[in-house]
Amino acid sequence: MTYRAKESSRRRFIKMGLAGAAAVPLANVLVGRLSHAEDMPKLDENDAQAKSLKYSHDGSTATAEDQTCANCQLYAETEGGWGTCTLFPGKLVAGEGWCAAWAKKTG
Ligand code: SF4
């Protein structure tokens with residue numbers, strides 16, 4: 001094996017090691033985030049902030065327009081039609097829910 005081939009092989013090995021080292025914490029964050037979301041309680045409609053924003057699990061009763069948590073910029077679905085909202089950390093909101101802070105999803 002030539003010096004150049006050895007050097008190339010060593011570089012590939014180092015790159016793969018760095019990629020693997022970066023992938024492990026990312027996977028832990030993603031798995032931790034998902035399992036954490038499953039453990040979250042659903043937002044209580046009588047929560048003070050929920051009431052102040054007129055949040056409802058059933059957005060069809062709150063707004064006539066096609067505005068739901070599922071198409072809101074602040075929503076991230078977890079599973080089963082529920083998801084997280086940046087306004088209610090640690091709680092799940094309904095995908096079919098709505099509140100007065102609704103913002104059109106842009107991406
Ligand atoms: Fe739902 Fe958006 Fe209101 Fe959060 S900000 S509760 S995702 S409508």
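Indexing begins at 1, ligand by ligand and atom by atom, following the structure's order.
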Which of the numbered atoms in ligand 1 are below 4.0 angstrom from a heavy atom of [X]?
| X | answer |
| --- | --- |
| Leu87 | 5 (S) |
| Leu74 | 5 (S) |
| Cys85 | 4 (Fe), 5 (S), 6 (S), 7 (S) |
| Phe88 | 6 (S) |
| Trp102 | 8 (S) |
| Tyr75 | 7 (S) |

Tell me which protein heavy atom sits closest to [atom], plus the residue, atom name and distance to 0.1 Å.
| atom | result |
| --- | --- |
| atom 8 (S) of ligand 1 | Cys99 N, 3.5 Å |
| atom 2 (Fe) of ligand 1 | Cys72 SG, 2.3 Å |
| atom 1 (Fe) of ligand 1 | Cys69 SG, 2.3 Å |

Report yes if some heavy atom in the side chain of [X] is under 4.5 Å from a heavy atom in the side chain of [Y]; otherwise report no.
| X | Y | result |
| --- | --- | --- |
| Lys91 | Trp82 | no |
| Val93 | Thr84 | no |
| Glu45 | Ser56 | yes |
| Asn46 | Lys51 | yes |

message: What I want to check is whether the side chains of Ser60 and Glu96 have a donor and an acceptor closer together than 3.5 Å.
response: no

message: What's the separation between atom OG1 in Thr78 and atom CG in Leu92, rounded to the nearest 0.5 Å?
response: 5.0 Å

Over 12 non-hydrogen atoms of neighbours within 6.0 angstrom of NZ in Lys105: yes

